[in-house]
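The block underneath contains the structure these notes are about, expressed in structure tokens.
Every chain is numbered from 1, with letters handed out A, B, ... down the list of sequences. If you're wondering where the values come from, they're calculated on a predicted model, not measured in any experiment.
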There are 2 protein chains.
Amino acid sequence: MAQRESSLAISALVKQLIEEIQQGNIADEHHQLPTEPALMTRYNVTRYTLRQALGQLGKMGYIYQAHGIGTFVRPRVEQGAVSIQNVAGLTAELERQGKKVTTQKATITPVIADQAAFQPSGSTLAPDTPMWEIKRQRCLDGVPYQFEHSYYLRDIVGDIPDSVLYGSLFEFIANNESLKLGFQDKVMDARAVTPEIGAFFKLPVGAPMLTMRDDSYLSSGQLFAFSQLNYEYHQGKFFMFTKL
Amino acid sequence: MAQRESSLAISALVKQLIEEIQQGNIADEHHQLPTEPALMTRYNVTRYTLRQALGQLGKMGYIYQAHGIGTFVRPRVEQGAVSIQNVAGLTAELERQGKKVTTQKATITPVIADQAAFQPSGSTLAPDTPMWEIKRQRCLDGVPYQFEHSYYLRDIVGDIPDSVLYGSLFEFIANNESLKLGFQDKVMDARAVTPEIGAFFKLPVGAPMLTMRDDSYLSSGQLFAFSQLNYEYHQGKFFMFTKL
DNA sequence: CAGTGGTCTAGACCACAGA
DNA sequence: CTGTGGTCTAGACCACTGC
């Protein structure tokens with residue numbers, strides 16, 4: 001029973017570091033973190049693992065590293081913006097900011113690919129592929145926020161309980177043992193509000209909205225869902241962080 | 001004079017791999033790349049270096065890796081979309097797609113921070129910080145595309161020759177030996193077209209546009225520029241790729 | 001089971017910043 | 001010159017896929 005508990009080293013380390021940063025008990029008065037060698041002994045990991053973790057924190061906008069100088073905590077980023085690089089679902093990220101996402105109305109209908117309102121950008125589907133068509137109207141702290149229009153491949157995801165429609169579809173898929181999530185393509189653009197969406201957002205037709213089209217793949221490279229997420233333009237803000 | 005030429009291993013390897021993928025002489029008929037051990041010997045690098053490079057290709061959307069299966073070339077992503085995770089400038093990326101960005105009109109004016117139309121999101125500037133205010137109207141293949149409104153800190157970037165205004169500001173900064181680029185925050189949202197911007201886009205006031213606010217930092221963590229890039233909503237599409 | 005990518009260790013050398 | 005982060009090597013073991 002030594003001090004061994006280092007399973008899942010990197011994700012656990014990421015979680016630990018975020019916690020300590022938020023509690024403010026790791027950076028000094030200049031927002032500077034201990035050096036890499038110090039952190040290696042502190043968490044009993046090698047430099048590779050540590051730097052993988054620091055890299056993740058960087059991607060999330062928590063820290064930056066300056067060559068020859070040190071590692072620093074970044075001032076907190078724009079409130080209300082969601083990280084577009086996020087790994088957890090949208091709901092989870094907003095809840096960490098103390099905001100609440102609720103689903104006001106949801107419908108689910110079986111269709112075939114031929115009947116879909118749009119197609120995935122990267123792949124081509126057989127016209128008779130069975131799918132679930134899902135439409136959801138979602139609010140952020142009670143205010144209209146997101147109009148979702150998604151298609152999930154029935155043969156892959158199986159049945160979707162009604163209860164899930166009012167919670168997190170992302171979590172439902174992630175918790176399915178037989179499905180391993182892989183990656184996602186996203187294309188963002190601005191569009192004009194349509195009558196159907198305007199009715200929910202309480203905006204006139206032609207008003208701006210932010211649209212995110214995404215295609216989701218299993219780790220095997222198999223497409224399992226594609227969707228169009230429309231955001232009310234006062235509420236929908238996406239944050240990201242890039243190394244130059 | 002052995003077969004040694006492995007300076008800049010990872011960035012050179014990335015470049016090499018992209019080239020071979022585009023020429024189609026590396027993947028097999030199932031779009032599958034050789035295995036990691038095979039690539040290691042082929043390019044004479046270790047697994048660490050190889051995987052760093054493959055990770056970059058993944059971020060750029062060129063490939064994906066499936067655990068236990070292999071590495072695959074991805075079908076080409078949405079045409080006209082620009083990778084939001086890109087490292088090179090916007091102009092460079094669009095030119096790789098065979099598109100041409102031209103600057104139709106540009107102005108540069110010395111101002112102080114107090115006079116700026118907007119402020120950086122993350123940092124606070126002294127009100128008397130000297131800056132360059134730059135406005136540019138840029139076209140994509142001759143069609144109105146981007147309305148740029150930027151501020152550069154004069155004390156950091158120095159003088160900006162007029163010629164640069166009609167080329168790539170990003171390259172100008174990157175080529176300055178005394179400046180080392182660090183990272184960038186971006187916040188994207190949709191907005192309504194203003195009169196000034198509508199005049200350029202030939203769109204009515206209130207029409208949608210895609211706006212990207214960004215703050216740019218040196219590798220030392222020092223802010224050196226912040227800008228607001230507005231995109232005509234039929235043209236401006238941003239692509240990104242996320243691991244789940 | 002063999003073969004794939006994913007994680008992790010241990011250590012070396014390089015490049016940059018600042019005293 | 002010392003200390004920082006950036007790159008790279010060599011090799012081990014684990015987890016997943018498909019036969």
Picking from [options], which would you name as closest to the side chain of [X]?
{"X": "A:S219", "options": "D:dT17, D:dG6, C:dC16", "value": "D:dT17"}
{"X": "A:R47", "options": "D:dG5, C:dT9, C:dG5", "value": "D:dG5"}
{"X": "B:V45", "options": "D:dG6, C:dG5, D:dT9", "value": "D:dT9"}
{"X": "B:Y48", "options": "D:dC16, D:dT9, D:dG6", "value": "D:dT9"}
{"X": "B:T49", "options": "C:dG5, D:dC8, C:dT7", "value": "D:dC8"}
{"X": "B:E36", "options": "C:dG5, D:dC16, D:dC8", "value": "C:dG5"}
{"X": "A:R51", "options": "D:dC8, C:dC8, D:dT7", "value": "D:dT7"}

Can you confirm if the aromatic rings of [Y] and [X] lie within a centre distance of less than 6.0 Å?
{"X": "B:F238", "Y": "B:Y231", "value": "yes"}
{"X": "A:Y152", "Y": "A:F226", "value": "no"}
{"X": "B:F72", "Y": "B:H30", "value": "no"}

- Task: Report yes or no: is the ring centroid of B:H67 under 5.5 Å from the six-membered base ring centroid of D:dA15, with the two planes under 30 degrees?
- Result: yes
Value in whole Å for how far the [atom2] atom of [N] lies from [atom1] of [X]:
{"X": "A:I69", "N": "C:dA19", "atom1": "CD1", "atom2": "P", "answer": "11 Å"}
{"X": "B:H30", "N": "D:dG18", "atom1": "NE2", "atom2": "C1'", "answer": "14 Å"}
{"X": "B:I10", "N": "D:dT9", "atom1": "CD1", "atom2": "C1'", "answer": "14 Å"}
{"X": "A:F183", "N": "C:dG5", "atom1": "CZ", "atom2": "P", "answer": "15 Å"}
{"X": "A:N44", "N": "C:dA10", "atom1": "CG", "atom2": "P", "answer": "9 Å"}
{"X": "A:M40", "N": "D:dG3", "atom1": "CE", "atom2": "C1'", "answer": "15 Å"}
{"X": "B:L13", "N": "D:dT7", "atom1": "CG", "atom2": "P", "answer": "14 Å"}
{"X": "A:Y64", "N": "C:dC16", "atom1": "OH", "atom2": "C1'", "answer": "15 Å"}

Any side-chain to backbone donor/acceptor pair from A:W132 onto A:V157? Under 3.5 Å, distance only. no
Just to confirm, is there a sub-4.0 Å distance from OP1 or OP2 of D:dG6 to any side-chain nitrogen or oxygen of A:Q65? yes
Next on the checklist: With a 4.0 Å cutoff (strictly under), does any side-chain N or O of A:T71 reach OP1 or OP2 of D:dT4?
Outcome noted: no
_Over all strands shown, is A:S220 touching base, sugar-phosphate only, or nothing at heavy-atom distances under 4.0 angstrom?_
nothing
Between B:K180 and B:T35, whichever has its closest DNA chain C nucleotide further toward 5' is B:T35
When B:T71, B:V14, B:L13 are each screened for side-chain contact (heavy atoms from CB on, under 4.5 Å) with B:L57, the one that passes is B:V14
